[in-house]
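A short write-up of the structure that comes next.
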Amino acid sequence: MISALIVDDELLTVRMLENTIDWKFYGIQVIATAQSGEQALALYRNYQAELIITDINMPGMNGIEFIKQVREINKETRIILLSGFGEFQYAKQALKYGASAYILKPFDELELDMALKEVVNEISSNKKTQKMIQQNKHISQSRMIKGFMKKTVAERSLQGMASELNFSFDNYVLFSMNIENETINEFMDISNILLSKSSYIQEILSSVLSGYGELIILEYEEDGWYILISQIHLDQAPQCAQEMIHSFMETFAIKSNVCFSSCYHALKELPLAYDEVEKLKRLSQYTNNGAILGHGYNYKTTAFDKLQMIEDEKTIVSYILSGKIVPAREKLIEILQHTIHINPSSLDDVYDFCFNTLTEIRKYLLEGKYISSISNVIMNVNYQDLLKLSTIDQLTNFMTKMINSITTLENKGNSSVNQSVEKCIQYLEEHYSENVSLEEVCEHVAMSKNYFCYLFKRETGKSMWVSLTEIRMDKARYMLEHTDMKSYEISYNIGYDNPSYFSKLFKKMHGMTPNEYKNKHITK
C-alpha cells in the first residue's frame with residue numbers, strides 16, 4: 001500500500017477526503033491527517049508518507065513552505081495541491097517544487113480520480129525501478145564478495161564497495177545454509193520455489209536473522225546461501241542456525257543444514273572464514289554429523305585434519321590407479337609438507353594417513369588389476385616401520401620411494417572412484433524421466449548417501465540433481481530439434497509434470513523458451 005498524508009486547515013475538507021474516497025481501490029492507505037503546515041511537517045518526519053495531498057493557503061506555515069521543507073527531506077515524495085480559485089499564483093510557485101498535480105477547490109471527483117491514478121502509477125513505477133536497481137546492485141555486490149571469498153577477486157576491488165554495504169567487518173561470522181534433496185522431484189520443487197520466490201526468501205531470512213546483527217545475504221547458488229552476520233556473539237550462532245532451519249521447514253517444508261565459522265575481524269579474513277565453512281560443509285556431508293555444525297559448538301579442529309587426509313588419500317590412490325604417478329608423488333609431498341603446522345595432538349593422524357594410503361594401494365595390487373611389477377618393500381611395510389621415521393623429511397622420503405616403486409600399469413583407465421560416478425551418470429541417462437531418488441542411486445553404485453554426494457560433487461563439480469537436470473535438458477533439445485512434439489508433451493516425457501516450470505528451467509539454461517528454441521531450429 002502507498003502511504004498518504006492529508007493536510008488542510010479546514011477539518012471538513014480533511015474528513016471529506018478521508019472518508020468519501022475509496023483509498024483501497026487506489027492501493028493507498030491514509031496514515032495521518034494534519035490541519036497546519038507545522039503539524040504536517042512533524043508527521044511527515046515521523047512517517048515519511050509517499051503521497052501528500054495538501055492545501056496551499058494555511059495559517060502559520062503555508063503549503064508553499066511545507067512543500068519546500070518536504071523537498072529538502074525527500075525529493076521522491078509525490079504531492080497533489082488543493083487550492084481556491086484565486087490562489088493560482090501560489091500554485092504556480094508550488095509546482096516549481098515538483099508537485100504532481102494541481103486541483104481547484106471545490107474539487108471535481110473525476111479530476112481527483114485521474115490525479116490519484118497518475119500519482120499511483122508514478123510511485124509504483126518508481127518503486128519497481130528502485131527495486132530493480134537494488135536487486136542488480138545486490139547481485140553485483142554479492143558476486144564480488146563471493147569472488148573475494150573464493151580468491152578470484154582481489155581485495156582492492158572491494159574497497160570502494162565496502163563502504164556501501166552497511167556492514168561492520170570488525171566482528172562477524174560466516175554462515176552457510178544448505179538445501180537437502182532426497183529425490184529429483186524434491187530438487188525440482190525446491191528449484192521452482194527458488195526461481196519464483198527468491199525475493200520472498202531473502203525477506204524471510206532477513207526477518208529471522210535481523211535481530212542478531214547486520215546482515216549480508218549473498219546470492220543463491222547451487223545448493224544454498226552464504227550469510228554474513230556482524231556483531232553476533234559466537235554462543236548465539238547455534239540458535240541462529242536453528243532458527244534458519246526452522247523457518248525454512250515451517251515456511252517452505254524444505255530441509256536444510258547450517259554450518260558456521262568462528263569469529264573474524266577484518267574484510268581480508270573473509271577467505272579464511274569461507275575456507276573454514278567449506279571444510280565444515282564437507283565434514284557435515286561426509287560424516288552426517290547433524291543439521292548444525294559450527295566452530296566452538298560441535299567440532300574439534302582435528303576433525304578438519306582427518307577429513308582432509310581422507311580426501312587426500314582418495315586423491316592419491318585415484319592418481320595411482322589412473323597411471324598418474326608423478327601427480328600422485330607431488331600431491332603426497334605437498335600434503336606432508338603442510339603437516340609441519342599440524343596440531344601436535346594430531347600427529348598420529350599423519351602416520352594413519354600414510355599407512356592407510358599404503359594399505360589402499362596394496363589392496364589393489366593384490367587384486368592384480370592394475371600393475372604387473374612392484375617392489376616387495378611396499379607389500380611388507382607395517383605401522384611400526386612408519387613410526388620409526390621420526391622426522392617429516394624421513395617420512396616424506398619413504399612415502400615418495402613407495403610411490404616411485406610402482407613401475408608399470410596395465411590398466412590406464414579411470415579409477416574406481418570415477419567408475420562409480422560414471423555408473424551413476426549412466427543410470428541417470430537410463431532413468432532420466434523417473435522420480436529418481438538418492439537412495440536408489442546409492443544402492444545402484446553400492447555407496448552410502450553422504451559419501452556419494454560428497455564424491456559426486458568432488459568429481460564433477462556439481463550435484464547429482466544438477467547433472468540429472470542437464471541430462472533432461474539435453475533430451476528436451478533433441479526432441480525439439482527432431483520431433484513434432486509440443487513443449488508440454490516434452491515436459492511430461494522427460495519427467496516434469498509442470499510444463500511452466502520446464503519452460504522456465506529451459507530458458508534459464510539456454511537463454512530462450514522451448515518454443516523459441518524450436519522456431520530458431522526450424523528457421524535454420
Side-chain angles (χ1 to χ4, degrees), residues 46-48 74 127 130-179 194 197-221 223-248 250-251 256-278 280-281 292-297:
N46 282 338
Y47 296 111
Q48 290 281 311
N74 189 338
K127 280 184 174 180
Q130 290 301 317
K131 184 176 181 181
M132 189 175 298
I133 290 171
Q134 287 302 315
Q135 285 177 340
N136 290 338
K137 186 176 181 181
H138 172 74
I139 291 170
S140 176
Q141 290 175 341
S142 177
R143 289 175 181 174
M144 288 284 285
I145 293 170
K146 280 200 285 191
F148 175 62
M149 287 195 318
K150 298 177 182 181
K151 300 180 181 178
T152 60
V153 172
E155 183 182 356
R156 63 179 177 273
S157 302
L158 271 71
Q159 295 300 338
M161 188 184 74
S163 59
E164 303 175 6
L165 294 174
N166 192 29
F167 187 86
S168 303
F169 282 97
D170 58 347
N171 182 36
Y172 64 92
V173 173
L174 177 64
F175 291 77
S176 173
M177 183 176 183
N178 316 294
I179 302 302
L194 297 176
K197 299 184 178 180
S198 57
S199 297
Y200 178 54
I201 290 170
Q202 293 263 350
E203 290 173 11
I204 292 291
L205 287 174
S206 295
S207 65
V208 169
L209 304 177
S210 58
Y212 289 96
E214 297 167 347
L215 299 176
I216 298 178
I217 302 174
L218 300 181
E219 185 186 16
Y220 175 81
E221 57 182 36
D223 56 356
W225 295 264
Y226 293 99
I227 303 165
L228 286 158
I229 305 181
S230 71
Q231 311 307 321
I232 184 174
H233 296 292
L234 202 55
D235 58 2
Q236 294 177 299
Q239 178 62 30
C240 179
Q242 187 59 54
E243 288 188 28
M244 290 187 217
I245 293 168
H246 178 74
S247 68
F248 256 61
E250 286 290 304
T251 310
S256 60
N257 62 74
V258 175
C259 299
F260 60 86
S261 72
S262 52
C263 284
Y264 286 88
H265 307 285
L267 174 62
K268 66 181 180 181
E269 295 178 345
L270 189 53
L272 300 177
Y274 173 74
D275 186 58
E276 188 174 5
V277 167
E278 284 301 287
L280 282 169
K281 283 174 64 178
I292 301 173
L293 193 62
H295 177 82
Y297 173 58

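For clarity, every value in this text was computed on a predicted model and none was experimentally measured.
Atoms CG and CG, from L174 and L228 in turn, are 5.0 Å apart once rounded to the nearest 0.5 Å. Residue L209 holds its CG atom at 13.0 Å from CD1 of I216, rounded to the nearest 0.5 Å. Note that the NE2 atom of H246 and the OG1 atom of T251 stand 8.0 Å from one another [nearest 0.5 Å]. The OG atom of S176 sits 6.5 Å away from atom CD of E278, with the distance rounded to the nearest 0.5 Å. Of the inter-residue distances, the one linking L270 atom CG with Y264 atom OH reads 10.0 Å to the nearest 0.5 angstrom. How far CZ of F175 is from SG of C240: 4.0 Å, rounded to the nearest 0.5 Å.
In terms of the ring-ring contact (aromatic ring centres under 6.0 Å, His included) criterion, residue partners of Y226 (sequence neighbours excluded) are, by chain and number, Y274. Residues satisfying the side-chain hydrogen bond (donor to acceptor under 3.5 Å, both in side chains) criterion with S230, sequence neighbours excluded, are E214. Legend: residues meeting salt bridge (Lys or Arg N to Asp or Glu O under 4.0 Å) with K150, ordered by chain and number and at least two apart, are E221.
Residues I229 and I232 have side chains in contact (heavy-atom distance under 4.5 Å, counting atoms from C-beta outward). In this structure, the side chains of Y297 and L234 stay at 4.5 Å or more apart for every pair of heavy atoms. At least one side-chain heavy atom of I292 sits less than 4.5 Å from a side-chain heavy atom of I245. At least one side-chain heavy atom of K151 sits under 4.5 Å from a side-chain heavy atom of P271. Side-chain contact between S256 and N178 is absent, with no heavy atoms from C-beta onward closer than 4.5 Å. Between Q231 and D170, some side-chain heavy-atom pair lies under the 4.5 Å cut-off.
Ring pair F248/W225 is perpendicular by interplanar angle, where above 60° counts as perpendicular and below 30° as parallel.
When all heavy atoms of L280 and G294 are compared, the closest pair comes out as CD1-CA, 4.3 Å. Contact detail for M177 and M244: the closest heavy-atom pair is CE-O, 3.4 Å. What you find for S261 and V173 is that their closest heavy atoms are O-CG1, 3.5 Å. Across all non-hydrogen atoms, the minimal contact from L267 to F148 is O-CE2, 3.1 Å.
Judged by distance alone, the side chains of Y220 and Q202 never bring a donor and an acceptor atom under 3.5 Å apart. A donor-acceptor contact closer than 3.5 angstrom links the side chains of Y212 and E243.
Looking at E250, its side chain never comes within 3.5 Å of a backbone N or O of S247 through a donor-acceptor pair.
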**OP:** Apply side-chain contact (heavy atoms from CB on, under 4.5 Å) to the pair F260 and I227, showing each step before the final yes or no.
**Re:** CA-CA 9 Å; F260 60 86; I227 303 165; over 6 Å; no
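A 6.0 Å sphere centred on NE2 of H265 holds more than 12 heavy atoms belonging to other residues, nucleotides or ligands.
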